[in-house]
Participant: 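Let me begin by handing over the structure; questions about it come next.
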Amino acid sequence: MNVGHFPEWRKLLQLLIASAKNIETRTYYLGLITAETAMSTASKLISKAKSEGRKYLLEPEAKAVCSEYGIPVTKFGMAKNETEAVKLANKTGYPVVLKIVSPDILHKSDVGGVMINLKNEKEVRKAYGQILENVRKHKKDAKITGVLVQEMAPAGTEVIVGAIKDPQFGPTVMFGLGGIFVEVLKDVTFRIAPLTEEEACEMITELKAYPVLKGYRNTSPADISAIIAILLKTSKLVMAHQEIKELDLNPIMVYAKGAKTVDARIILE
Ligand code: ADP
Ligand code: MG
């Protein structure tokens, strides 16, 4: 059928073409396409973990999932040997961070599996061997997937974004500041997902530690809009993947402009 022959169809087509030329509409369509790809990549990684009998995603997998949802993460690559680690470090640019990737190790620094601020090839080679030695000392038969080489995020205000699946309320998002604020003062806020922008904003401003983010004396304010964006994207992620039992972005470095997730953990039901 040649739709051009029908006046009403022609009008509709013209409208569609006009709206496609509109940048906002195009961005909306693009957003839809991105959301779709994000879902499929995340689903694939979750299925892969399940098929290997794993209850959680490895850091590179969790970061890939986050990244697909637009959550900023540190650049990374996986090395299978020392030479690969050096190649990746040279490509990334120094300083770099090396981390163990193993389905048998959930808390990497507890076993000496994280080495930060490596400034040159020599330090990378040394750290590579050291990490494997530390891990073996801790768990002789730990399965080693590889060693993650990642950019070293500059220091910033450390925040934590988390999510848990509440048996009653479903996916729930958590926010707090890193270090003593969460661990000692338990200064955290929660909202049931999906979050509205207003709720994400409240989660930040109602923290006792909010003045730290807002900037005090000679510290510059942290990028609150970057945190709001991460909270909203995390909400979208956990809503779309109900098989996520826990998500932990800890820490996220927040800067005067932008933010970067340094560690990501995703635990499955
Ligand atoms: P885990 O929580 O499994 O012990 P992390 O990946 O959180 O391991 O690393 C431990 C600590 O090392 C982090 O809390 C952070 O302070 C630091 N760190 C890790 N990765 C980076 C990075 N890419 N840039 C800067 N600091 C990092
Ligand atoms: Mg961590």
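In listed order, ligands and their atoms are each counted from 1. Since we're looking at a predicted model, the values are computed, not measured.
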Participant: If the cut-off is 4.0 Å to any non-hydrogen atom of Asn250, which atoms of ligand 1 fall inside it?
Facilitator: 7 (O)

Participant: Looking only at protein heavy atoms, which one is nearest to atom 14 (O) of ligand 1, and what is the separation?
Facilitator: Pro251 CD, 3.4 Å

Participant: What I'd like to find out is whether the side chain of Thr41 reaches to under 4.5 Å of the side chain of Val65, using heavy atoms alone.
Facilitator: no

Participant: What atoms in ligand 1 come closer than 4.0 Å to a heavy atom of Val97?
Facilitator: 20 (N), 21 (C), 22 (C), 23 (N), 24 (N)

Participant: Determine whether Ile204 and Phe175 make a side-chain contact, defined as any pair of heavy atoms from C-beta on separated by less than 4.5 Å.
Facilitator: yes

Participant: Using a strict cut-off of less than 4.0 Å between a Lys/Arg side-chain nitrogen and an Asp/Glu carboxylate oxygen, indicate whether Asp263 and Lys108 qualify as a salt bridge.
Facilitator: yes

Participant: Please say whether His107 places an N or O atom under 3.5 Å from an N or O atom belonging to ligand 1.
Facilitator: no

Participant: For atom 4 (O) of ligand 1, what is the nearest protein heavy atom, given as residue, atom name and distance?
Facilitator: Ser109 OG, 2.4 Å

Participant: When you measure from atom 7 (O) of ligand 1 to every protein heavy atom, which one gives the shortest distance, and what is it?
Facilitator: Asp263 OD2, 2.9 Å

Participant: Is the shortest N/O to N/O distance between Ala153 and ligand 1 below 3.5 Å?
Facilitator: yes

Participant: Can you see which heavy atom on Phe76 is nearest to which on Ala64, and at what distance?
Facilitator: CZ-N, 4.5 Å

Participant: Where is the nearest protein heavy atom to atom 11 (C) of ligand 1: which residue, which atom, and how far?
Facilitator: Val114 CG1, 4.7 Å

Participant: Relative to the heavy atoms of Thr74, which atoms of ligand 1 are at a distance of less than 4.0 Å?
Facilitator: 23 (N)

Participant: Below 4.0 angstrom from a heavy atom of Leu106, which ligand 1 atoms are there? Numbered from 1 as shown, please.
Facilitator: 3 (O)

Participant: How about Asp141 and Lys139: do any of their side-chain heavy atoms sit closer than 4.5 Å?
Facilitator: yes

Participant: What atoms in ligand 1 come closer than 4.0 Å to a heavy atom of Val262?
Facilitator: 18 (N), 19 (C), 20 (N), 21 (C), 22 (C), 27 (C)

Participant: So is Arg265 in contact with ligand 1, going by heavy-atom distances below 4.0 Å?
Facilitator: yes

Participant: Who are the salt bridge (Lys or Arg N to Asp or Glu O under 4.0 Å) partners of Glu52, not counting sequence neighbours?
Facilitator: Lys48, Arg54

Participant: Salt bridge check, Glu246 against Arg265: does any charged N sit closer than 4.0 Å to a carboxylate O?
Facilitator: no

Participant: Please enumerate all residues that pass side chain to side chain donor-acceptor pair (under 3.5 Å) together with Arg125, with sequence neighbours excluded.
Facilitator: Glu82, Glu121

Participant: Suppose we measure from atom 6 (O) of ligand 1 to each protein heavy atom; which comes out shortest, and what is that distance?
Facilitator: Lys99 NZ, 2.7 Å

Participant: Which heavy atom of the protein is the closest neighbour of atom 8 (O) of ligand 1, given with residue, atom name and distance?
Facilitator: Lys108 CE, 3.4 Å

Participant: Could you pull out the closest heavy-atom pair between Ala264 and Lys63, with the gap in Å?
Facilitator: CB-CG, 4.0 Å

Participant: With 2.8 Å as the threshold, which protein atoms of type N, O or S lie near the Mg ion (ligand 2)? Leave waters out.
Facilitator: Asn250 O, Asp263 OD2

Participant: When you compare ligand 1 with Glu158, is there at least one nitrogen or oxygen pair between them that comes in under 3.5 angstrom?
Facilitator: no

Participant: Any non-hydrogen side-chain atom of His241 less than 4.5 Å from a side-chain atom of Ile46?
Facilitator: yes

Participant: So which heavy atom on Lys165 is nearest to which on Gln242, and how close?
Facilitator: NZ-O, 2.9 Å

Participant: Does any donor atom in the side chain of Glu59 or Gln150 lie under 3.5 Å from an acceptor atom in the other side chain?
Facilitator: yes

Participant: For residues 253-261, dump all side-chain donor-acceptor pairs below 3.5 Å to protein atoms at least two apart in sequence or in another chain.
Facilitator:
unit_1, atom_1, unit_2, atom_2, d
Tyr255, OH, Pro154, O, 2.6
Lys260, NZ, Glu151, OE1, 3.2
Lys260, NZ, Glu151, OE2, 3.2
Thr261, OG1, Pro72, O, 2.9

Participant: Which pair of non-hydrogen atoms, one from Ala200 and one from Leu231, has the smallest distance, and what is that distance?
Facilitator: O-CD1, 3.7 Å

Participant: Answer yes if a protein heavy atom lies under 4.0 Å from atom 22 (C) of ligand 1, otherwise answer no.
Facilitator: yes

Participant: Please state which protein non-hydrogen atom is closest to atom 17 (C) of ligand 1 and give its distance, to 0.1 Å?
Facilitator: Ile116 CG2, 4.0 Å

